[in-house]
There are 2 protein chains.
Amino acid sequence: MDNAPRKAPVTLHDVAREAGVSLATASRALNGSERKVHESYRTRVVAAAARLNYTPNLSAQAVAKGGTNTVALLVADIADPYFSSIAAGVIRASEEAGLVVTMAVTERSTARELELVRALRGQRPRVMILAGSRSSTESDQDALISELQAFEATGGRVVFVSQHELPFETVAIENAEGAKQLARDLVGLGYRRFAAITGSRTLLTARDRLNGFLEGLAESDIEIPEERIVATEFTRDGGFDGATTLLEQGLDDTELIFAVSDVMAVGALSALREAGIVPGEDIAVAGFDDIPTVRDVTPPLSTVHIPLEEVGRRAIAIALSTEGDTTDTAKTTDTTTVNATVNATVNTAVKTTVVLRDSTPSR
Amino acid sequence: MDNAPRKAPVTLHDVAREAGVSLATASRALNGSERKVHESYRTRVVAAAARLNYTPNLSAQAVAKGGTNTVALLVADIADPYFSSIAAGVIRASEEAGLVVTMAVTERSTARELELVRALRGQRPRVMILAGSRSSTESDQDALISELQAFEATGGRVVFVSQHELPFETVAIENAEGAKQLARDLVGLGYRRFAAITGSRTLLTARDRLNGFLEGLAESDIEIPEERIVATEFTRDGGFDGATTLLEQGLDDTELIFAVSDVMAVGALSALREAGIVPGEDIAVAGFDDIPTVRDVTPPLSTVHIPLEEVGRRAIAIALSTEGDTTDTAKTTDTTTVNATVNATVNTAVKTTVVLRDSTPSR
DNA sequence: CTGTTAGCGCTTTCAG
DNA sequence: CTGAAAGCGCTAACAG
């Protein structure tokens, strides 16, 4: 157990000495944005840095410039394809913008989320992105909001994913519209009797989708009886349980089950099959999100497509484009008024499109 | 576009003044590990901090103490369930240890990986975890290795996931053993004629699994004809393509297709089905990893279970337990000799277990 | 353009 | 136990 001849990391100082220039010059040559260093010096410095294998200490840079190039990303569950796809978008867009992503998972708990936001604030990130459908009720909510507002007050940007109703920028997703269109299309296919599996009704996303779906049906004077709408966990197992519950109640003449998310729909599919019911034949199933795996389940699932990675990219685009204006609570009333220079589409809702597959054959 | 009354963040200084104590005392009361501050002071400081909603500036702390509490995690593709599950484990374990996780995706490119490692080194992370089966050939490999060794030389820990053959600590996974056992079990089920879909043979993980499988078959004097082994991308689409290729060649009397990863197996399943072949009936399929979705495809997939989240946790456990000893290249020859105090199981390979499901009925 | 010199926010000797 | 002061590595005025 020989203990550490732990070499000290190379510092800018070392590079400067090696190159025979001053600290400042070395700094300018290596990291200072504008070109203001004589070429001969610059090359010497760069060479010295390479020779010593120098890497600037980001923390030191951060403290010196009073700001980082960090994006803090909070997701409910990184193993859930919905979030991991969004995360992929956030990470890619961040890398393209030269930002480093820091990540934390909330386990779907608002309390945990609050803790994490507090902790991550210490990073002094430039942007904080919160993706993870949260309940609109919990009391921690208020604390979360004020914590985030404090963060914004110091110049940070907060962007939520699909959380209108909160006083922050958000990547809006056409949840209601998409679900409504799905309903219309399904009715067009000949379906008339529906059941639904939804998450907690306090989950904004789940609620929006369910309501949109119901509205879509209402256009054709179709309703879903109260007992045919079951609320469960917003997960694969929740979907499984929801379908099981429906089964126990007796599906009667139900023709189609709408699950408010694909992971739930996939769970439902398995529950049905285990019960000896063939989805797509005995009963139709539709989901929402269009996560990659729905192409590979049997039958392939009809759903509403969301460009998930785009959602992630959009989040950072919004953050970056609103940087600078400190309308304190950025999204005041009609303030979709972004930085004039900004691609106007950035602040419009992400489009969703219905994708009909074999799980909802026309009848 | 009113510009920023950007409040300056609260500093320790502010807290100290508010509490009427010195900077040093405030520091000790809030972050200094040991209790060496009088209770009355401590409470005043804590109260002041709360009142001002103070959050320590992590960057400043890092530069002052000359080290961070950061874990840098590199994965090939965060949207892939294999990696996102591992990431979930890394993140959870890190949070439990009070570490912040920084994440980057390599897109399966060694060049990109090298870039990222360079960039992330600037963070001065305590640990760097690289998960993402890399090819054993590419030349960037050497650069990567020396970059990582430089990182270790300054006290950082590097942990790979499933990359023996590299001069670093690694979370070993029983890839070969698992595949071998799978082969045995399948033979036990009555299968005799196999085909395989594998990733590039330079991908260590893919190679280990294929070889293990072949060895398992060899024990029963079974071989897979060369043309029945197709190498494709290590992705869902790769699996799809692989099955398609096999189909074009003619499956003849092939009874079972082994794909070296579940995502590939799932893609293969879809290719077969699209070709009108019913997996589980017309032909059996088996995968490797036991990602969550394989329970929900049809038929449920036989595979080799890896406790993916555990792999992630293990990575940080190894990193933390080896901190301190700087055997320069930690894993010299037989050096499984960890810190005496460490849970010995940390450095043993992660166990895999065969899980037989309906995709491989006994015949 | 280049070098000197203050800091940035926090920790940590080193005296009191 | 507490406070003053010296850094940590780097940037950013400020003079030359």
Side-chain angles (χ1 to χ4, degrees), chain A residues 6-46 48-49 52-70 121-126 154-155, chain B residues 6-46 48-49 52-70 121-126 154-155:
Chain A
R6 190 171 297 190
K7 238 168 296 178
V10 180
T11 77
L12 224 210
H13 220 108
D14 302 328
V15 176
R17 185 159 16 81
E18 171 87 6
V21 301
S22 77
L23 226 197
T25 300
S27 172
R28 292 189 274 249
L30 259 21
N31 321 307
S33 35
E34 293 319 305
R35 49 164 43 276
K36 21 169 47 171
V37 133
H38 190 59
E39 192 51 30
S40 69
Y41 275 178
R42 143 168 256 98
T43 45
R44 273 171 56 194
V45 173
V46 171
L52 301 179
N53 194 358
Y54 166 75
T55 323
N57 182 321
L58 266 25
S59 294
Q61 286 189 162
V63 63
K65 353 168 96 123
T68 66
N69 277 306
T70 295
R121 264 235 277 161
Q123 294 235 44
R124 301 286 185 272
R126 257 171 74 179
T154 62
Chain B
R6 190 171 299 190
K7 238 168 297 177
V10 180
T11 76
L12 223 210
H13 221 108
D14 303 327
V15 175
R17 187 158 14 79
E18 170 87 7
V21 300
S22 77
L23 227 198
T25 301
S27 171
R28 294 190 270 248
L30 260 21
N31 322 307
S33 37
E34 292 321 305
R35 48 163 46 275
K36 21 171 45 172
V37 135
H38 191 56
E39 192 51 28
S40 69
Y41 275 177
R42 145 169 253 99
T43 46
R44 274 169 57 192
V45 173
V46 170
L52 300 180
N53 194 0
Y54 167 75
T55 323
N57 182 321
L58 265 26
S59 294
Q61 284 189 162
V63 57
K65 353 167 95 125
T68 67
N69 277 304
T70 294
R121 264 236 277 162
Q123 295 234 43
R124 301 285 186 273
R126 256 171 73 178
T154 62

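No experiment lies behind these values; they were computed from the predicted model shown. Sequence lines set the chain letters: A, B, ... in the order given, protein chains first and strands last, and positions in each chain run from 1. For the numbers below, each heavy atom of this structure counts, side chains included, while hydrogens, waters and symmetry mates do not.
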Worksheet item: Roughly, in whole Å, what's the span from CZ in A:Arg28 to P in C:dT5?
Response: 14 Å
Worksheet, complete the sentence: The nucleotide from D:dA12, C:dC8, D:dG3 with an atom nearest the side chain of A:Ala24 is D:dA12
Discussion item. Do A:Val45 and A:Leu30 have side chains that approach each other closer than 4.5 Å (heavy atoms only, starting at C-beta)?
Written reply: yes
Practice prompt. For B:Ser27 and B:Leu23, indicate whether the former's side chain and the latter's backbone hold a donor-acceptor pair under 3.5 Å.
Written response: no
Practice prompt. With heavy atoms under 4.0 Å as the rule, sort B:Pro56 into base, sugar-phosphate or nothing.
Written response: sugar-phosphate
Discussion item. Nearest to the B:Leu23 side chain among D:dG9, C:dC10, D:dA4, which nucleotide is it?
Written reply: C:dC10
Item to complete: Nearest whole angstrom, please: distance from the P of C:dC8 to the NE2 of B:His13.
Response: 9 Å
Worksheet item: Side-chain N or O of B:Gln61 less than 4.0 angstrom from OP1 or OP2 on C:dT11?
Response: yes
Fill in: D:dG3 OP1/OP2 closer than 4.0 Å to side-chain N/O of B:Thr25
yes
Worksheet item: Taking CG from A:Leu30 and P from D:dC10, how many angstroms apart are they, rounded to a whole number?
Response: 9 Å
Discussion item. Less than 4.0 angstrom between a side-chain N/O of A:Ser27 and OP1 or OP2 of D:dT11, yes or no?
Written reply: yes
Worksheet item: Given C:dG3, is OP1 or OP2 found less than 4.0 Å from the side-chain N or O atoms of A:Ser22?
Response: yes
Worksheet item: Counting N and O atoms only, with roles assigned by atom type, does the side chain of B:Arg126 sit under 3.5 Å from a partner on the main chain of B:Asn69, one being a donor and the other an acceptor?
Response: no
Fill in: C:dG9 base / A:Arg124 side chain donor-acceptor hit below 3.5 Å
no
Worksheet entry | Side chain of B:Val63 (C-beta onward), nearest among C:dT13, D:dC10, C:dG9 | C:dG9
Fill in: Closest-nucleotide 5' rank along DNA chain D - winner of A:Val10 and B:Tyr41
B:Tyr41
Fill in: Test item: A:Lys65 and A:Asn31 side chains (from C-beta on) under 4.5 Å apart, heavy atoms
no
Worksheet item: Under 4.0 Å: is that the gap between some side-chain N or O of B:Asn31 and OP1 or OP2 of C:dT11?
Response: yes
Item to complete: Determine yes or no for a side-chain-to-main-chain donor-acceptor pair under 3.5 angstrom, with A:Ser59 supplying the side chain and B:Val63 the backbone.
Response: no
Fill in: Rounded distance in Å - CG (A:Asp14) to P (D:dC10)
8 Å
Discussion item. Nearest whole Å is fine: how far is D:dG9 P from B:Asn57 CG?
Written reply: 17 Å
Worksheet item: Please give, in whole Å, the distance from D:dC10 C1' to A:Leu58 CG?
Response: 11 Å
Item to complete: Among the candidates D:dG3, D:dC10, D:dG7, find the nucleotide nearest to the side-chain atoms of A:Tyr54.
Response: D:dC10
Discussion item. Nearest to the B:Lys65 side chain among C:dT11, C:dC8, C:dT2, which nucleotide is it?
Written reply: C:dT11
Fill in: Integer-rounded Å distance: D:dG3 C1' and B:Leu12 CG
14 Å
